[in-house]
Amino acid sequence: MKRTRFAATITAALATAFAGSVFLAPTASAATGGNCNLSATSGECLILFYNSNLKGSRITFDTPAISNFAGYKYLGTGAGKGQDVKNNAASAIYGSTSSGDDYGVIFYNSGFAGPCDQIYSGAAAPLQLKNTYNNNASYAAYPYSIPGCYNFF
């Protein structure tokens with residue numbers, strides 16, 4: 001009887017610990033600043049804005065890919081601070097110093113799928129995103145243009 005109770009207690013404790021780790025926020029690098037220091041990062045920089053016209057709260061990603069924006073929150077000051085990034089981006093800026101990663105592509109679905117907007121390095125989606133406006137779930141840097149994506153140059 002004692003062994004069964006002990007085993008049940010250990011099982012419950014491990015299940016609780018595991019469940020807690022599943023729901024932790026993602027660990028990709030993100031900063032509040034609106035400017036990218038490309039020399040100090042992986043060479044990629046995507047800034048997503050909560051509002052159109054590059055306004056509102058923002059989040060800066062200095063990594064070449066995020067497969068799912070779930071768990072990320074807008075960090076900068078302004079409208080939208082603390083809101084989920086997933087399905088809440090209205091405008092964006094992309095920059096790259098990596099050889100060949102000329103396009104930052106924002107996807108409608110997680111896992112780099114579905115309709116997309118691609119922003120050429122050094123450019124912006126200044127007014128608002130076209131195919132992923134408030135429907136953005138992932139992002140990746142690409143060395144080539146993706147057919148079917150809306151282009152921002």
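A donor-acceptor pair under 3.5 Å is formed between the side chain of S138 and the backbone N or O of N109. Side-chain N or O atoms of N136 include one that pairs as donor or acceptor with a backbone N or O of N88 at under 3.5 Å. Between the side chain of Y139 and the backbone N or O of T63 there is at least one donor-acceptor pair closer than 3.5 Å. In this structure a side-chain-to-backbone donor-acceptor pair under 3.5 Å is missing from S121 to G95. Of the possible donor and acceptor atoms, none in the side chain of N135 sits under 3.5 Å from a partner among the backbone N and O of Y108. Using modelled atom types, one side-chain atom of D117 and one backbone atom of T132 make a donor-acceptor pair closer than 3.5 Å.
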Practice prompt. Begin with the C-alpha distance, continue with both residues' side-chain angles, and end with the deciding distance and a verdict on side chain to side chain contact (heavy atoms under 4.5 Å, CB included) for F49 and I93.
Written response: CA-CA 9 Å; F49 294 85; I93 297 173; 3.9 Å; yes
Discussion item. Run the ring-ring contact (aromatic ring centres under 6.0 Å, His included) test on Y50 and Y74 for me, step by step, so that the C-alpha distance in whole Å, both residues' side-chain angles and the decisive distance to 0.1 Å come before the verdict.
Written reply: CA-CA 7 Å; Y50 184 78; Y74 281 98; 5.6 Å; yes
Discussion item. Side chain to side chain contact (heavy atoms under 4.5 Å, CB included) for Y133 and S52? Distances and angles first, verdict last.
Written reply: CA-CA 9 Å; Y133 177 80; S52 299; 3.6 Å; yes
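In terms of hydrophobic clustering, with Ile, Leu, Val, Met, Phe, Trp and Tyr side chains grouped at heavy-atom distances under 4.5 Å, I146 and Y94 are assigned to different clusters. V85 and I106 end up in the same hydrophobic cluster when Ile, Leu, Val, Met, Phe, Trp and Tyr side chains are linked at under 4.5 Å. Both V105 and F153 sit in one connected hydrophobic cluster of ILVMFWY residues. Membership requires side-chain heavy atoms under 4.5 Å apart, directly or through other members.
Aromatic ring centres of F61 and Y72: separated by under 6.0 Å. Taking the six-membered ring where the residue is Trp, the centroids of Y120 and F152 are separated by 6.0 Å or more.
If you take CG on L75 and CD1 on I59, they are separated by 4.5 Å, rounding to the nearest 0.5 Å. Here the straight-line distance linking atom OH of Y150 with atom CD1 of I119 works out to 11.5 Å at 0.5 Å rounding. Here CG of N51 is found 11.0 Å from CZ of R58. Values are rounded to the nearest 0.5 Å. The CG atom of N53 lies 5.5 Å from the CG atom of L127; values are rounded to the nearest 0.5 Å. Taking CG from L48 and CD1 from I66, the interatomic distance works out to 9.5 Å, rounded to the nearest 0.5 Å.
Contact between N131 and G148 at its shortest, heavy atoms only, is ND2-O, 4.0 Å. Closest of all the heavy-atom pairs between S57 and G76 is OG-O, 2.5 Å.
In this structure, a donor-acceptor pair under 3.5 Å is present between the side chains of N68 and K86. Side chains of S91 and Q128: no donor on one and acceptor on the other come within 3.5 Å. A side-chain N or O of Q118 and one of N151 form a donor-acceptor pair less than 3.5 Å apart.
Between F112 and F107, the two ring planes are perpendicular [angle over 60°; tilted spans 30° to 60°].
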